[in-house]
Amino acid sequence: MSDLDAYRDQARAWLDTMAPKYGRDARRGMSEVDSLAMGREFQALKYEAGYAGINWPKEIGGQGLTHLHKITYDGLEMNYGMPTVFFGISLGMPVPILMRFGMGENKEHFPWVKERVIKALRGEEIWCQLFSEPAGGSDLAGLRTKAEPDGNGWRMTGQKIWTSWAQYCDYGVIVVRTDPNVEKHKGLTYFWVDMKAKGVDVRPIKLAGGDSHVNEVFFDDVRLEDSQRMSPVGGGFGVALATLMIERYIATDSGGFGPHLDVFTDLVKGLDLNGQPALKDARVRQQIARNHAMRAGLDSITSRAFQMLQAGMEPGPEGSLQKLVAVRSRQKLSELAMDLQGNLGLHFDPHAYVKEDWGASWLNAPTGRIAGGSDEVLLNTIAERILGLPQDHRPDKGVAFNQIPA
Amino acid sequence: MSILYDEGQQAIATESRRVLDARVSKDRLLKLLEQVGDYDQGFWDTAVEQGWTALAIPEEHGGLGLSLVELGLVALASGAATAGAPFLTFGYGAAQALVASGNTELQTAWLPKLASGEAIGTVAFGEGTCPLPPVPATVYAGGKLSGAKEAVPGGLKADLAIVWASHGGQPALVLAELAGAARAPVDSYDNSRVYADIAFADAPATLLAEGAAARTLALDLLARMAVVTAHEQVGGAEELLKIAREYAVTRKAFGQPIGAFQSIKHRIAEMYGLVEVARANCIHAAASEGKPNFLIAAADARISATDGYDTASRDCVQIHGGIGVTWELGLHLHMRRARSLAVELGNLYFWEDLLVEQLTGEAA
């Protein structure tokens, strides 16, 4: 048995002991606030057990294991529906970026950063990522929130949007405009911000599916110390890109984070279509077969990437297809599942779990096709970065930000 | 279980690609389209010389004893070049039928010849519109075979065929020598596949398997050949992706390369997705040979590769505009091959139903 197999068995055994109290079934019907409290408890236990910060350095509170150990654990944990969703972004991007860019030139902030890291790993503090704005989503560098020099620090004013879990966050990382007189990419600077500071106003946004995990965040003349700066002045876009690239190989889900195909076949097995079992219907069979072939391909890409990492190789760029391909298919399969149920498919439970319920999966699927890179942006990225096709025509290229028509 | 190719496998991939690039001629392939009954002799000589015919035949029978993984890599290279004669896939299927039959006499008689290229084998399962009829109309009785098989790939030139037939109302697999069979060439859109209608009239034949065992073996053979073909399809689709990409960065319109238009670049990015998903399925399926999930893995590869090659040939031509539909440019070699490969090994309806049956236990 390889080291990783043993690790997987051990992690599974531990998760099995946690599931009765913290797993999906134990929390059915629980409010978000209660679920968050459970999540903080679980996260602390996870830290004690050595499953938090798995691939982070020991000296800063991590476990010092490999990236493979981390995706092995994450892949397992995903099956239990543990209340870790509140910490996913926090530990996924802002905190690693803080470790990389927040130490200060002479590591003078190390003790403070280490304290933040451990509190974040234990679920005591949560970090958000303040990037998107009403005027800049896919076009991140078009953002308008500004920070102006103020003595030995800065004053920040503006608005961010789609900020996940900001309502529960203690800190955030933020990219803002510090110079509107240069090209849009060149006038940005990266900071961390205290979400409890004066002038910060978080307003949850209710989404189509009924929940409110994203927010608008308003900054009204918020004071930032220069020690909160994580990039050179004007060098914020580079750190922002580093944030987005931080983990290209995370635990993926060929079901597009919706129900798996066996949930679909189980549903179909109980249904009739035109007076015969729905599973006999050629249209239904075709969809099952096509979806299976597609998802199996994505799973095989994932397992090959895993093997490459294990062999010390860099996995191929095909991993970037996962979200694009999987979420689109989830959306259509959810529609089909609702169709097949006829009028029975009109029932809706706003608290249902998206990996088990087709209505919930369908209504929340568009978010998956937009958040973290829209389908269109992903296609552009594949075309430009992998295939070397030319960039789109961009009229704002080479133009100072304040000269771009708004 | 997927795999990473080892050094030997990578060498086969590189070498087969190099040899084919040097020897395949588009002009010759274009000529073959308008000739009924001829295949690419140059390709076949290369296949024999390179040992591709021997790759997956056991060593004790004159083969190299390698697996579907290696054969798949050769197929990937031939697919890219629209090279080939159908014998690479169907000869492999015929050899595997003999290996599985346990009939040592037949193995000794035929496997060394198939390995050395001295004999050519094919497989004739389908009848009419059905790739694997439940009760075939071709009948085997008392060592004789009677019936007809339409458009058998390679059928015009093969020396033996593994035939799906009925035996006492039960399905059976038999080996028939084709020397005495009546064969009529089929004029096809992909003539180098040398399809032939074959009529058997009390032709001498040998029973290899019957009843449920025959069906199990037939499905296993189809799955193996589907995996080889899927590699060939992925090779073709990947080549079209490269051609489309090359054209999109070179050809200019409205003052910029057409690849800067999202309608073009997204189309090409989608092709990339189809190719990589199908490739991943191919690698997984080839490595699953002989394992319990092999049929499922092969069907996944077959479905994604067929869809990928069809879509790539459609879209690559579209991206080229007018020049794409000319005889001379030859993109139609891929269009034609995409369709012949899609049909000759069982259409997607067959594979989709088979996959769902494997997944759910519910037959169509």
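Letters A, B, ... are given to chains in the order of the sequence lines, protein chains preceding strands, and every chain is numbered from 1.
Top candidate by heavy-atom pairs under 4.5 Å with chain A, chosen from B:Glu357, B:Glu270, B:Gln256, is B:Glu270. Across B:Ser304, B:Ala301, B:Gly273, the residue that shares the most heavy-atom pairs under 4.5 angstrom with chain A is B:Gly273. Listed options B:Arg302, B:Glu276, B:Arg279, B:Gln358 were ranked by heavy-atom pairs under 4.5 angstrom with chain A; first place goes to B:Glu276. Among B:Leu241, B:Ile303, B:Val275, the residue making the largest number of heavy-atom pairs under 4.5 Å with chain A is B:Ile303. Most heavy-atom pairs under 4.5 Å with chain B: of the set A:Ala293, A:Ala282, A:Gly297, A:Gly388, this distinction falls to A:Ala293. With chain A as the partner, the residue from B:Leu348, B:Val249, B:Leu4 showing the most heavy-atom pairs under 4.5 Å is B:Leu4. Between chain B and the residues A:Val325, A:Asn380, A:Ile382, the most heavy-atom pairs under 4.5 angstrom are made by A:Asn380. The most heavy-atom pairs under 4.5 Å with chain B, out of A:Asp299, A:Val284, A:Leu387, come from A:Leu387. Residue with the most contacts toward chain B among A:Lys269, A:Met313, A:Met308, A:Arg290: A:Arg290 (heavy-atom pairs, distance under 4.5 Å).
Around the CZ atom of B:Phe261, the shell of radius 6.0 Å holds more than 12 heavy atoms that belong to other residues, nucleotides or ligands. A 6.0 Å sphere centred on CZ of B:Arg215 holds no more than 12 heavy atoms belonging to other residues, nucleotides or ligands. Atom CD of A:Gln276 sits in a crowded spot, with more than 12 heavy atoms from other residues, nucleotides or ligands closer than 6.0 Å. When the shell of 6.0 Å around CZ of A:Arg328 is examined, it contains more than 12 heavy atoms from other residues, nucleotides or ligands. Residue B:Met271 places its CE atom among more than 12 non-hydrogen atoms of other residues, nucleotides or ligands, all under 6.0 Å distant.
For A:Leu378, no part sits under 4.5 Å from any heavy atom of chain B, backbone or side chain. Only the side chain of A:Leu321 comes within less than 4.5 Å of a heavy atom in chain B; its backbone stays farther off. Of the two parts of B:Ile296, only the side chain, counted from C-beta on, holds a non-hydrogen atom closer than 4.5 Å to a non-hydrogen atom of chain A.
The NE2 atom of A:His292 sits 6.0 Å away from atom CG of B:Leu355, with the distance rounded to the nearest 0.5 Å. Of the inter-residue distances, the one linking A:Asp262 atom CG with B:Thr360 atom OG1 reads 12.0 Å to the nearest 0.5 angstrom.
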- Walk me through it: do B:Tyr272 and A:Glu318 pass the test side chain to side chain contact (heavy atoms under 4.5 Å, CB included)? CA-CA 9 Å; B:Tyr272 171 79; A:Glu318 62 275 9; 3.6 Å; yes

Can A:Thr265 and B:Leu359 be said to form a side chain to side chain contact (heavy atoms under 4.5 Å, CB included), step by step? CA-CA 9 Å; A:Thr265 48; B:Leu359 292 172; 5.7 Å; no

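In this structure, B:Asp300 contributes its side chain and A:Ala296 its backbone to no donor-acceptor pair below 3.5 Å. The closest donor-acceptor contact from the side chain of A:Arg285 to the backbone of B:Val356 lies at 3.5 Å or more, if one exists at all. Between the side chain of A:Lys280 and the main chain of B:Glu362, no donor-acceptor pair closer than 3.5 Å is present.
In terms of heavy atoms, A:Pro390 sits closest to B:Ala260 at CG-N, 3.6 Å.
The pair A:Glu384-B:Lys265 meets the salt-bridge criterion, since a charged nitrogen lies less than 4.0 angstrom from a carboxylate oxygen.
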